[in-house]
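Since we're looking at a predicted model, the values are computed, not measured.
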Amino acid sequence: MRILILSGAMLAMAGCCFGGGAAPAPPINIAPGFAPQPTTGSGTAGGITDANTLNSECRGNIPLVAQHSLNVTAQVPNLTVMVNCPGGDTTLVVRLSDGRVLCDDDGGGYPNPMVSGSFPAGTHQIYVGTYNPSATGAGFTLGFTTSPTVT
């Protein structure tokens, strides 16, 4: 029996080259009252993992490794996470630090997903998927806000 141990760099490469998406972006850090609003990140949507493996209500195909980590220093009661992807129909999965999984398909208006809620302090994993498994690779912008006027 052979045991293969991969370093973090090798694991990131494996995710990149075998349908898992690019290596994760640097963490996004927010605290209550954060600025600017929205705070944004970007990436490439899609992957080979069916999102319903994280929550049976989730849709789409996500990467093996979350594209973004969101570090929240203290609870943010009304945080909205939204995706804008002009190049495809995207889905959103957020695994909160407390183990809950939030997901959406078109809550931000077709084809863009959006989730809102109370985010506890901790590190949350964010996956941006594609509704169609063959539509991976579209660029997206991820936005974080507590303002109801930001869309």
Practice task
Test side-chain contact (heavy atoms from CB on, under 4.5 Å) on T141 and M82 and set out the steps.
Solution key: CA-CA 8 Å; T141 301; M82 58 192 124; over 6 Å; no

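Within the hydrophobic cluster formed by Ile, Leu, Val, Met, Phe, Trp and Tyr side chains joined at under 4.5 Å, directly or through other members, L79 is accompanied by I28, I30, F34, L70, V72, V76, V81, V83, L92, V94, L96, L102, V115, F119, I126, V128, F140, L142, F144.
Taking both residues in full, the closest heavy atoms of P111 and D89 are given as O-OD1, 3.4 Å, listed atom of the first, atom of the second, then distance. Here the shortest heavy-atom pairing between G143 and P38 reads CA-CB, 4.4 Å. Between G139 and C85 the shortest heavy-atom distance is O-SG, 3.2 Å. When every heavy atom of A121 is checked against every heavy atom of A74, the shortest pair comes out as CB-CA, 3.9 Å. In terms of heavy atoms, N52 sits closest to C58 at CB-O, 3.5 Å. Closest heavy-atom contact between T73 and A31: OG1-CB, 3.0 Å.
Inter-residue side-chain proximity for R100 and P120 is flagged as met; some heavy-atom pair is nearer than 4.5 Å. Proximity of I48 to L64: side-chain heavy atoms (C-beta onward) are separated by under 4.5 Å at one or more points.
For the residue pair S147 / Q37, no side-chain donor-acceptor distance below 3.5 Å is found, with atom types taken as modelled. Checked by atom type, the side-chain pair T130/N132 shows no donor-acceptor distance below 3.5 Å. In this model, a donor atom of one side chain and an acceptor atom of the other lie less than 3.5 Å apart for T123 and N71.
A donor-acceptor pair under 3.5 Å is absent between the side-chain atoms of D106 and the main chain of G109, judged by distance alone. Counting only distance, with no hydrogens or angles, the side chain of T44 and the backbone of T136 share no donor-acceptor pair below 3.5 Å.
In this structure, CG in D105 is found 8.0 Å from OG1 in T90, a value given to the nearest 0.5 Å. The CD1 atom of I62 sits 5.5 Å away from atom OG1 of T49, with the distance rounded to the nearest 0.5 Å. With rounding to the nearest 0.5 Å, the separation of NE2 in H68 from OG in S42 is 6.0 Å. Here the straight-line distance linking atom OG1 of T91 with atom CG of N112 works out to 11.0 Å at 0.5 Å rounding. Interatomic distance, CG of N55 versus SG of C103, reported as 4.5 Å (0.5 Å rounding). Put simply, CG on D50 and CZ on R59 are 8.5 Å apart, with the number rounded to the nearest 0.5 Å.
Summarising the local packing, CD of Q75 is surrounded by more than 12 heavy atoms from other residues, nucleotides or ligands at distances under 6.0 Å.
Applying the side-chain hydrogen bond (donor to acceptor under 3.5 Å, both in side chains) test to T53 and every residue at least two apart in sequence or in another chain returns nothing. A search for side-chain hydrogen bond (donor to acceptor under 3.5 Å, both in side chains) contacts involving R95 returns Q125, Y127, not counting sequence neighbours.
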